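To start, the structure under review is shown below, and the notes come after it.
What you see is a predicted model; the values in this text were computed from it and never measured.
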Amino acid sequence: MTRKGQAARRITDPPAAPLLIQDGVEVTDDAVWTWAQIPDGSTELMEDAELEAATWATAAAMHTLLPVDAEYHLKIMWARYSPEDYRDSWTALPGVRAPGADYYIELGAHRIARNSEVGHFRRRVVLLGVRWPTGETSSPWERHRRTVTAQLRSRAAVLRDARDRVEELEPAVRRWFGQMRDGPLRGVPAPAATIAWAYARELRRTADLSPVGEGELSGARLVSLMHGDVVPSPDGCYVTTRDAATGATRHVAVLVPAVNGFPADELEIPGGEWLALLTELTGVEASVRGVNHGRTGSLALLRTGRKWTRSQSLEAGEAGTAPPEEIDEAELALAERDREVRRRVDVLVTSHPRWVVHAETVEELTDRVEALRRRYTGIVALELAPHIQDLLWKELLPGDRVRVPEFGQVQPMRTLAGSWFHGGSTVGDADGPYIGGNLGATPGPVRLHLVSRTADDRRMPTTMSFTGRSGSGKSTAVMLTVLAALAEGAWCLLADPKGDLAGIVEVADRVLGVPVQVLDVTTPAAAGSMDPMRWAPTADEARALTFDALLGVLSGEDRRGNEAVLEAAIDRVLARPREMWSATAVIGELVATSGTAPAAQAARTLGETLSVRSRQSGVRAVLGTPADGAVPMLSGRGLVYLRLDGLGLPQPGSLPEQWTVPQRCAMTTFRASTAYALMQSRQVRELIKLVALTELHRITAYPEGRSLVQWLARTGRALKTYLLLDSQSAVDMAAIEGLVEQLVMSAAFEALGREEQQAQAVLLHRPDAGPRLRQAQGMVGPGECVMRDRHNRLGLVVFDRLTEWIADTLSTDAAEDSADLYAYDIEPADIEPPDIGLRDDRGDDHGNETPVDGTAPDEAVAQHRVEDRRADERERTR
């Protein structure tokens, strides 16, 4: 970069004070400023090619957004996230809530407040202001005259004049905000409260200062916000701000670029990011004032600069010496800039960047200043200019002007765009349940509103994937997402093929107070709970599902010629009152068939066979006699926890005629569970429904499982059914036909293999796992992931388990072994001392002799100890 050579004149006038602040507009005594708030971007995981393209697009947009020769002011500040905002946002969410939703919301608000207090969450506020051209003079004498005139006029007259100036510029300002909204910066009019807060906090840097809620501020309301003062330090190296109301003080130091602060040429593209680095530092903000010279002004500056370099070269030649190397480098850089401007690739701006450091004590301020200078080593040389800190501080005020111009830098527009003041790691939804924290450049709470039904969101798919290696935390993330849906009154089915997610039952019950149905399909307590006769909503559906279930446990020989007999028995049961429908009744109807005809005999034989089959552990949940207290499958709001770990399913791809009886029974139960999920997804379309399938590779290994996933993924949006898919194999998930297109969000937990990382990239809707993404995939810890949200943004996220009790309860790790958990097969006193001598012919040297004691372990005692242990653990938890 070259420096703009001009005489420096410092301005010592009193700071500009706002007369009127409206949404997006600030009026001072001599100017009208428009202020846009720039939302955080999601640039941290962009690859170099994406960063380069985005930098050029932003620079091109800023050519238009920053009017030629008009002053602009960029402010980057930090604020706290408010737990009150989180609580209030839930009031705007439509729909039914769980009985304990208020407690769940309070847990999230508490975590947001706590993380904000300790500095883990910081809300970045970026404001871009433009001094709107009015064609009027702005000389110091004119500003002084305006100030004196304003003091002589009434407050009402001054306010009326300010509103007239705003109305005069309103059409142009509206068009400007439209361009800002539709461009890469996505800026919106800054709320009046935020503009006022940005001004007031320079006078009162109190931690608990929060924006007010009015849409227009003037008069006494503005005066009360500005109730503070600033005093330069005795050594002139900082200023001290004081809140007049509370007496709280903060020390502020403003750093500027050194004479050769920026490199001779532009920062490398992609690269630079010299403002994005602020997120790595504590207590550091930024303020950049400047002017866009446009194409004509840029060419004039370049002509002046090239004349100077040529004159230096000529003087060196006349003296018989070679020109300095810096002159040659400057000439080459200026020639390149000239070609860019003439080709309308870029323009020049004069920027006045300021780095603002604040702290409670002078010692802390000194440490932070040194940390800032070290971090920018090799990028920008920073210096603390003494005895002008009060002037530099005035430049921070919205509506003021450049007061110390000698540190200005003439730069291409892309240097400002490539600073990534608008970049970051934003991911997640604007509302909905709090599920964790953002680990990236803009740390803050992450909200995941998977079941959102806003006008835009309801047009999107409803499937979310969770992939990663074992132990990475993906199953816990699935359970936390299920809890978030339950809080909004959803019906949720959680299928657990591994049996380690039982903790969600207690959390859903104790935290949310929702109905919970636990179905461990192989236990006697579940007998009859999955009977289609009991939960199917219509007789036709009950008939079809029961017929399939009964046929499923029969061999091909048993089926042959008996389908009609079976259908007739089902029809006779369906003719009874609804409360008498059951698969057991169908079997009883067959067994009770009277007569000596071959058909009657066949019916009784079939019934006896089915009666025996119904007592198999793998199918009694579907066909067994209902156990005491067993209720049909839940069809309303609440959680159904379906444990499938005890099912002895056949090997994937094996032929049905080769299945054993237990395998046929297990497959029948598996099919009943998929049928239940499909049935629920079609019923009561107004109800929010969520199906969570963990260990997906064990479900999609069978045609019924693949059909369930594909059908729910494709029809979930229309049926208001959401689908969570959890698998250790991203490769297998990405291979499911049509699934990638139906993913609305994706969470990629730790993956180390190149093939798995590439498959995760596909699920994240990235064509390739580039260096940055692969690094993130391999470095995330337990509970952390790369998340893609519904807006196709990527960010690093850690799921928050809210409390230690919830974390322990949802843990999927096996408990540690202990001496009192299980008994040894033999008592220690019965063990004979080892024989260290030579073996006789009763065994060999490897100890393969007959055991000393072949007594079987006392299973009853061991089980008793297990139950005592579990009871003690439950008691401690309570």
Side-chain angles (χ1 to χ4, degrees), residues 38-58 61 181-188 270 276 420 422-432 435-436 438-442 444-468 477 481 713-714 716-717 722-725 730 733-734 736 738-749 751 757-777 780 784-797 799:
I38 310 300
D40 292 336
S42 182
T43 60
E44 188 174 53
L45 294 180
M46 281 185 176
E47 304 298 341
D48 286 352
E50 295 175 294
L51 281 173
E52 182 176 358
T55 299
W56 285 109
T58 303
R181 181 189 64 249
D182 298 334
L185 294 179
R186 300 176 293 111
V188 296
W420 287 111
H422 59 294
S425 58
T426 300
V427 68
D429 294 316
D431 56 15
I435 56 99
N438 190 317
L439 298 176
T442 45
V446 177
R447 302 173 71 173
L448 178 62
H449 199 192
L450 178 66
V451 299
S452 172
R453 300 299 293 174
T454 63
D456 291 334
D457 295 344
R458 71 175 59 218
R459 294 197 299 268
M460 295 184 178
T462 55
T463 301
M464 182 174 181
S465 68
F466 297 78
T467 56
T481 308
R714 288 177 173 141
R717 185 201 64 80
Y722 298 84
L723 181 61
L724 303 182
L725 303 178
M733 186 181 294
I736 298 176
L739 179 61
V740 174
E741 290 77 10
Q742 300 303 325
L743 292 177
V744 66
M745 301 183 196
S746 185
F749 290 78
Q757 289 180 344
Q758 180 59 36
Q760 282 191 339
V762 172
L763 296 173
L764 292 169
H765 286 191
R766 292 296 184 267
D768 183 42
R772 292 197 183 191
L773 180 55
R774 284 199 304 271
Q775 182 183 21
Q777 290 170 298
V780 291
E784 302 172 356
C785 68
V786 178
M787 178 180 287
R788 179 184 71 85
D789 64 13
R790 67 178 77 246
H791 304 292
N792 209 32
R793 300 176 300 195
L794 295 187
L796 291 172
V797 172
F799 278 80

- Going by the angle between their ring planes, with limits at 30° and 60°, are F799 and F466 parallel, tilted or perpendicular? tilted
Quick one: closest heavy-atom pair of [X] and [Y], and the distance?
X    : Y    : value
L450 : M464 : CD1-CB, 4.3 Å
L45  : A776 : CD2-CB, 4.0 Å
Q777 : A761 : NE2-N, 4.1 Å
L763 : R788 : O-NE, 3.9 Å
W420 : A276 : O-CB, 3.9 Å

Ignoring hydrogens and angles, tell me if any N or O in the side chain of [X] forms a donor-acceptor pair with the backbone of [Y] under 3.5 Å.
X    : Y    : result
R774 : A769 : yes
Q760 : F749 : yes
Q742 : L739 : no
E784 : V797 : no
T463 : L723 : no
R459 : A455 : yes
H765 : M745 : no
S425 : T442 : yes

What distance separates [X] [atom1] from [Y] [atom2], expressed to the nearest 0.5 Å?
X    : Y    : atom1 : atom2 : answer
Q757 : Q775 : CD    : CD    : 10.5 Å
L764 : N792 : CG    : CG    : 9.0 Å
E47  : L773 : CD    : CG    : 6.5 Å
E44  : L796 : CD    : CG    : 6.0 Å
L725 : I736 : CG    : CD1   : 7.0 Å
D40  : T43  : CG    : OG1   : 9.5 Å

- Message: Checking T467 against M733 for the side chain to side chain contact (heavy atoms under 4.5 Å, CB included) test, could you report, in this order, the C-alpha distance in whole Å, the side-chain angles of both residues, the deciding distance, and whether it holds?
- Response: CA-CA 9 Å; T467 56; M733 186 181 294; 3.9 Å; yes
Report yes if some heavy atom in the side chain of [X] is under 4.5 Å from a heavy atom in the side chain of [Y]; otherwise report no.
X    : Y    : value
P184 : T58  : yes
L794 : V427 : no
S746 : M787 : no
V740 : V762 : yes

- Message: Does this structure show an ion pair linking R772 with D48, if we count only N-O contacts that are shorter than 4.0 Å?
- Response: yes
- Query: Between R447 and D431, does at least one N-O distance fall below 4.0 Å, as a salt bridge requires?
  - Reply: no
- Testing H449, R790, H791 for side chain to side chain donor-acceptor pair (under 3.5 Å) with D429, which one passes? R790
- Query: Taking atom types as modelled and ignoring hydrogens, do the side chains of T426 and S42 form a donor-acceptor contact shorter than 3.5 angstrom?
  - Reply: no
